[in-house]
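Written out below as structure tokens is the structure these notes cover.
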Amino acid sequence: MTAPHRTTAILALAAALWLAPLLAARQTVALKDLMPKGMVVGVALNQRQSDGVDTAAVDLVTKQFTQISPENLLKFQPIHPADDRYAFEAQDRYVQFGVDRKMQVIGHTLVWHSQTPAWVFQGKDGGAVDRDTLLARMRDHILTVVGRYKGRIHGWDVVNEAIDEDGSLRKTPWLNAIGEDYIAKAFAIAREADPGAELYYNDFNLEKPAKRAGVIRLVKSLQSQGIRIDGIGNQAHWRLETPSIAEIEATLLDLRSTGLEVMYTELDINLLPQAARGADPSAANPYVTGLPDDMQQALARRYADIFGVFLKHRDAVSRVTFWGLSDADSWLNRGRTNHPLLWDRQRQPKPAFDAVVKVLQGAR
Ligand code: G3I
């Protein structure tokens with residue numbers, strides 16, 4: 001081997017020896033060990049993960065998190081597909097996944113206008129369902145599902161996305177058939193089913209002042225009726241630059257003013273440009289072959305800034321949940337290639353993971 005080659009080989013070996021402990025240390029750092037007291041960090045699981053089929057994901061989730069949410073399993077459609085039929089097999093495995101690991105298990109979600117089977121809103125005569133029938137169906141669903149996991153599910157997203165962008169009640173089949181009191185009824189039935197479970201309202205775009213004001217009006221209305229509500233879930237489906245850190249902080253402070261827990265329940269950062277409506281999804285898909293380093297660093301800075309706000313107001317924030325484990329698992333792919341989370345498609349930590357770790361370590 002010539003001298004220059006020998007030098008190169010020695011330098012490469014030195015670099016590898018120097019990097020190895022750093023890489024090893026990186027793998028051993030767990031978010032759950034760095035979170036401030038009173039703030040859990042969690043992740044939404046898909047069925048392959050809660051069934052234990054995706055073993056690499058199971059290992060990573062077990063190491064990194066102390067809380068889990070069900071991406072889809074506990075929604076109306078999967079668990080109650082027909083009026084006379086419930087499906088609990090995979091749902092039981094999800095709950096058991098968390099119980100076995102002594103994790104905080106969250107239920108998502110009891111009353112939502114999406115992923116609710118058509119039969120729920122159909123009247124017996126095939127027309128639109130009436131108030132009493134839909135209330136009875138809501139009651140049966142909540143008592144059955146919440147009752148089944150009583151004492152094992154820590155908290156429920158009782159109602160999801162009931163407020164429109166202007167702050168008014170979203171015109172959902174629930175509102176149309178039952179009326180405005182469907183939300184209070186849902187919370188009251190959930191409390192009846194499991195008095196020990198925390199009860200949450202969950203929504204997105206809360207950084208928009210009009211929508212946030214509508215959510216706060218709703219929460220205060222429930223509180224004034226003596227209805228139990230413990231927390232507000234801010235889904236936090238954000239982008240690289242929007243909402244601004246100032247808007248995130250202002251929203252956090254507004255939500256905290258209700259006196260309820262503030263939770264970030266579905267955190268991810270969408271890196272893809274808006275696809276024009278009706279356009280081919282493969283358009284506006286710039287990162288198919290991977291995320292360039294400048295974007296990795298921008299994502300890292302974004303997550304660091306976001307966690308900086310959560311830590312600044314750690315007394316108000318009880319939970320941060322990522323909506324998916326790795327980029328491969330994200331709902332944000334949807335026919336394109338997105339990179340919204342802390343682990344890449346090979347389940348390797350991205351610079352964004354290191355950035356979050358650094359912020360958490362700096363706050364200890
Ligand atoms: O289970 C069926 C499967 O049987 C069928 O073969 C397949 C193809 O049609 O669809 C499967 O259902 C899909 C389901 O995810 C489970 O994978 C639905 O089509 C698909 O629409 C559904 O998407 C979910 C979406 O909610 C539905 O609105 C996403 O995974 C989930 O991440 C997303 O999560 C929501 C939160 O619950 C509420 N906040 C917004 C967030 C993002 O939309």
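One is the number of the first residue; the rest follow in order along the sequence. One-based numbering, in listed order, for ligands and for the atoms of each.
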Please evaluate residues Phe310 and Phe307 with respect to the criterion ring pair (Phe, Tyr, Trp, His ring centres under 6.0 Å), reporting the C-alpha separation (whole Å), side-chain torsions for both, the decisive distance (0.1 Å), and the verdict.
CA-CA 5 Å; Phe310 296 167; Phe307 269 78; 5.4 Å; yes
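- Residues lining ligand 1 at a heavy-atom distance below 4.0 Å are given as Glu71, Asn72, Lys75, His108, Trp112, Ser114, Gln115, Asn160, Glu161, Gln235, His237, Glu266, Trp323, Trp331, ordered by chain and residue number.
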Given ring pair (Phe, Tyr, Trp, His ring centres under 6.0 Å), test Tyr200 with Trp156 step by step and report yes or no.
CA-CA 6 Å; Tyr200 316 127; Trp156 280 97; 9.9 Å; no
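- In terms of the side chain to side chain donor-acceptor pair (under 3.5 Å) criterion, residue partners of Thr62 (sequence neighbours excluded) are, by chain and number, Arg101.
- Taking the side chain to side chain donor-acceptor pair (under 3.5 Å) definition, one finds that Ser318 meets it with Glu261, sequence neighbours left out.
- Take Asp293 and apply the side chain to side chain donor-acceptor pair (under 3.5 Å) test, not counting sequence neighbours, and it matches Gln297.
- Between Asp130 and Lys124 there is no salt bridge, since no side-chain N of the basic residue sits under 4.0 Å from a carboxylate O of the acidic one.
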